[in-house]
Amino acid sequence: MAFDWSYTVGLLWSRDFWNATLLVVELSVATWVLAVVLGFFVALADRSGLMVVRRAAALYVWFFRSLPLLVLLIFVYNLPQAFPSTSALLSIPFVAGLLAMVLSETAYIAEIHRGALVSVGKGQYEAGRVLGLSRAGIQRLIVIPQALRIALPSLGNEFVSIVKLTSLVSVISLAEILLVGQRYYTQNFKVIETMVAVAFYYILIVTVFDTGLKALERRLDFSRRLAELTTEDVASNGEIAEEIGTDSPPASRQPAIRLERGGKSFGIYPVFQDLNLAVKPGEVVSIIGPSGSGKTTLIRSLNGLETLEHGVVYLEEKPFLAGSKEKLAKSLRHVSSDALRIGMVFQNFNLFPHRTALENVMIGPLYHKRASASELRQEARTMLNDVGMLVHENKYPHQLSGGQQQRVAIARALAMHPSILLFDEPTSALDPETVGEVLRIMAALARSGRTMVIVTHEMKFAMEVSDRVVFMEKGRIVFDGSPALLAERRREDGRLAEFVRI
Ligand SMILES: Nc1ncnc2c1ncn2[C@@H]1O[C@H](COP(=O)(O)OP(=O)(O)OP(=O)(O)O)[C@@H](O)[C@H]1O
């Protein structure tokens with residue numbers, strides 16, 4: 001029997017098929033949107049601090065991924081037999097189909113979100129934290145935009161799967177494309193001709209939505225976003241200001257920040273115990289020492305990025321953080337305005353890749369509504385100008401060199417007007433050529449009387465710029481004094497001489 005082309009072509013104008021196509025689109029889009037939203041919450045639950053929430057999320061994903069959709073469909077559609085109260089809703093095939101598909105797809109999509117959330121680096125969360133963003137704020141402004149971009153190709157792929165899975169809802173008598181086709185060929189036996197039309201409708205839906213999703217993917221892909229570059233600004237940097245003014249010149253003589261009897265372990269390995277460090281207002285303290293001596297852990301303990309077990313951190317002699325094993329920890333209320341008094345610059349910059357240099361600098365003050373958006377924009381531009389980066393204000397981090405990124409990161413920390421600035425090995429991830437530009441900014445900050453604590457391997461810089469140098473070894477402070485005293489001690493102390501070579 002010859003293939004009946006005129007019959008197949010005629011089916012492309014069939015009202016039944018177009019109605020079924022509309023139904024498939026509605027069911028697929030509703031399933032996808034709901035599962036993308038709900039899946040995100042399941043993925044967040046999977047990362048919750050509460051074990052019971054994590055377990056519940058894992059149980060959900062395990063159960064609904066194990067269950068075939070067909071079984072779930074039949075189960076949900078027939079649920080009213082056991083629970084008559086559900087019949088008002090579940091006897092509507094569209095609702096029953098949607099519910100079953102959402103339950104199943106949420107489990108798959110939660111796994112996609114989970115993968116995307118894991119790939120947003122820890123540094124992004126930490127950068128949000130030091131800018132005083134709440135958990136929800138970090139998710140909304142930093143994590144979700146990045147995770148969505150990472151997840152979108154897989155989410156688009158899942159949409160295609162959902163479109164095809166809708167063919168299963170024919171078992172609950174929902175007139176989707178396959179069921180319409182079956183009705184046709186059981187009357188005229190033109191199976192192949194009918195199935196060609198069925199294939200056409202599925203391919204049409206997938207093609208249209210796939211094209212749309214790819215376009216969305218391109219829009220969200222910030223690595224493809226390019227700032228308008230003028231020929232002049234491609235390589236140039238602006239001038240770095242000689243001094244980068246402070247808001248509140250240090251008046252008090254009491255320590256700006258002080259760690260008392262700090263103790264920290266990772267597992268059974270103690271990094272330091274009974275450690276004391278006090279930094280006066282306007283003082284520049286460099287912490288130096290061999291790798292693994294605990295410098296980074298110490299500086300991160302000062303602003304709570306690492307939780308101490310023992311000891312108390314005081315801000316202007318007011319308890320600010322207490323070790324988890326300290327009695328004070330229970331009564332100490334976390335006041336976020338205190339945390340905002342400490343700015344931090346990270347080794348790996350941790351700029352937000354989906355935002356321009358200017359937006360990175362503005363994000364903190366804007367979140368805290370420190371002034372109107374236009375005032376904050378102006379102020380952020382001044383900060384960028386101070387670090388010689390105004391010419392690059394509209395560039396995304398991937399368009400900047402390491403040194404330029406670190407300069408923007410410094411401007412971002414300054415934009416919060418912190419009274420203390422912590423630098424965690426700010427030049428360690430930089431090429432030798434760009435180290436100098438970051439050190440020049442830090443020297444300008446030091447000259448302007450800022451309180452700074454710097455973990456560094458740049459000995460020359462530490463000796464020239466610091467008021468005090470702290471030498472750490474194996475979790476202990478073995479030297480704490482002026483650079484001049486260090487230079488003197490170096491002559492007698494072999495270990496110091498070995499380490500502090502300028
Ligand atoms: N998250 C962690 N989990 C387990 N151990 C850690 C963690 N962070 C640091 N450590 C360990 O704590 C010790 C101190 O690390 P820290 O990074 O503070 O040293 P450091 O003096 O800053 O070293 P470097 O100069 O190489 O950065 C090291 O032995 C390190 O392996």
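These numbers come from a predicted model, not from an experiment. All residue numbers in this chain count up from 1 along the given sequence. Just follow the structure's listing: the first ligand is 1, and inside any ligand the first atom is 1.
Taking every non-hydrogen atom of Tyr269 and a distance limit under 4.0 Å, the qualifying atoms of ligand 1 come out as 12 (O), 13 (C), 29 (O). Proximity to Pro290 (heavy-atom distance under 4.0 Å) selects the following atoms of ligand 1: 21 (O). With ligand atoms numbered from 1 in the order given, ligand 1 contributes 14 (C), 15 (O), 16 (P), 18 (O) to contacts under 4.0 Å with heavy atoms of Thr297. Proximity to His457 (heavy-atom distance under 4.0 Å) selects the following atoms of ligand 1: 25 (O).
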Apply side-chain contact (heavy atoms from CB on, under 4.5 Å) to Arg377 and Arg381, showing your working. CA-CA 6 Å; Arg377 174 176 295 268; Arg381 297 187 82 232; 4.3 Å; yes

Set out, in order, the CA-CA distance, both residues' side-chain angles and the distance that settles side chain to side chain donor-acceptor pair (under 3.5 Å) for Thr296 and Asp424, then state yes or no. CA-CA 6 Å; Thr296 292; Asp424 183 13; 3.0 Å; yes

Where do Tyr367 and Ser134 land on the side chain to side chain donor-acceptor pair (under 3.5 Å) test, with the steps shown first? CA-CA 10 Å; Tyr367 176 83; Ser134 65; 2.8 Å; yes

Test side-chain contact (heavy atoms from CB on, under 4.5 Å) on Arg355 and Tyr396; report intermediate values, then the result. CA-CA 6 Å; Arg355 291 181 174 252; Tyr396 287 87; 5.6 Å; no

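A salt bridge does not link Lys214 with Glu217: none of the charged nitrogens is closer than 4.0 Å to a carboxylate oxygen.
For atom 30 (C) of ligand 1, no protein heavy-atom neighbour is present inside the 4.0 Å cut-off.
Ranking protein heavy atoms by distance to atom 1 (N) of ligand 1, first place goes to Phe266 CE2, 3.6 Å. What sits closest to atom 17 (O) of ligand 1 on the protein, heavy atoms only, is Thr296 CB, 3.6 Å. Among all non-hydrogen protein atoms, the one lying nearest atom 21 (O) of ligand 1 is Lys295 NZ, 2.8 Å. Here the heavy atom of the protein found nearest to atom 27 (O) of ligand 1 is Glu425 OE2, 2.7 Å. From the protein, the heavy atom lying nearest to atom 19 (O) of ligand 1 is Gly294 N, 3.3 Å. Here the protein heavy atom with the shortest distance to atom 23 (O) of ligand 1 is Gly292 N, 2.9 Å.
For ligand 1, none of its N or O atoms has an N or O atom of Val271 under 3.5 Å away. Remark: ligand 1 and Ser291 share an N or O pair separated by less than 3.5 Å (distance only, no angle test).
Residue contacts with ligand 1 do not include Gly289, since none of its heavy atoms lies under 4.0 Å from the ligand.
No side-chain donor-acceptor contact under 3.5 Å links Gln254 and Glu316.
The nearest pair of heavy atoms linking Leu308 to Phe272 is CD2-CE1, 3.8 Å. The nearest pair of heavy atoms linking Gln399 to Lys395 is OE1-CA, 3.4 Å.
Classification of the Phe40-His113 ring pair by plane angle, with boundaries at 30° and 60°, yields perpendicular.
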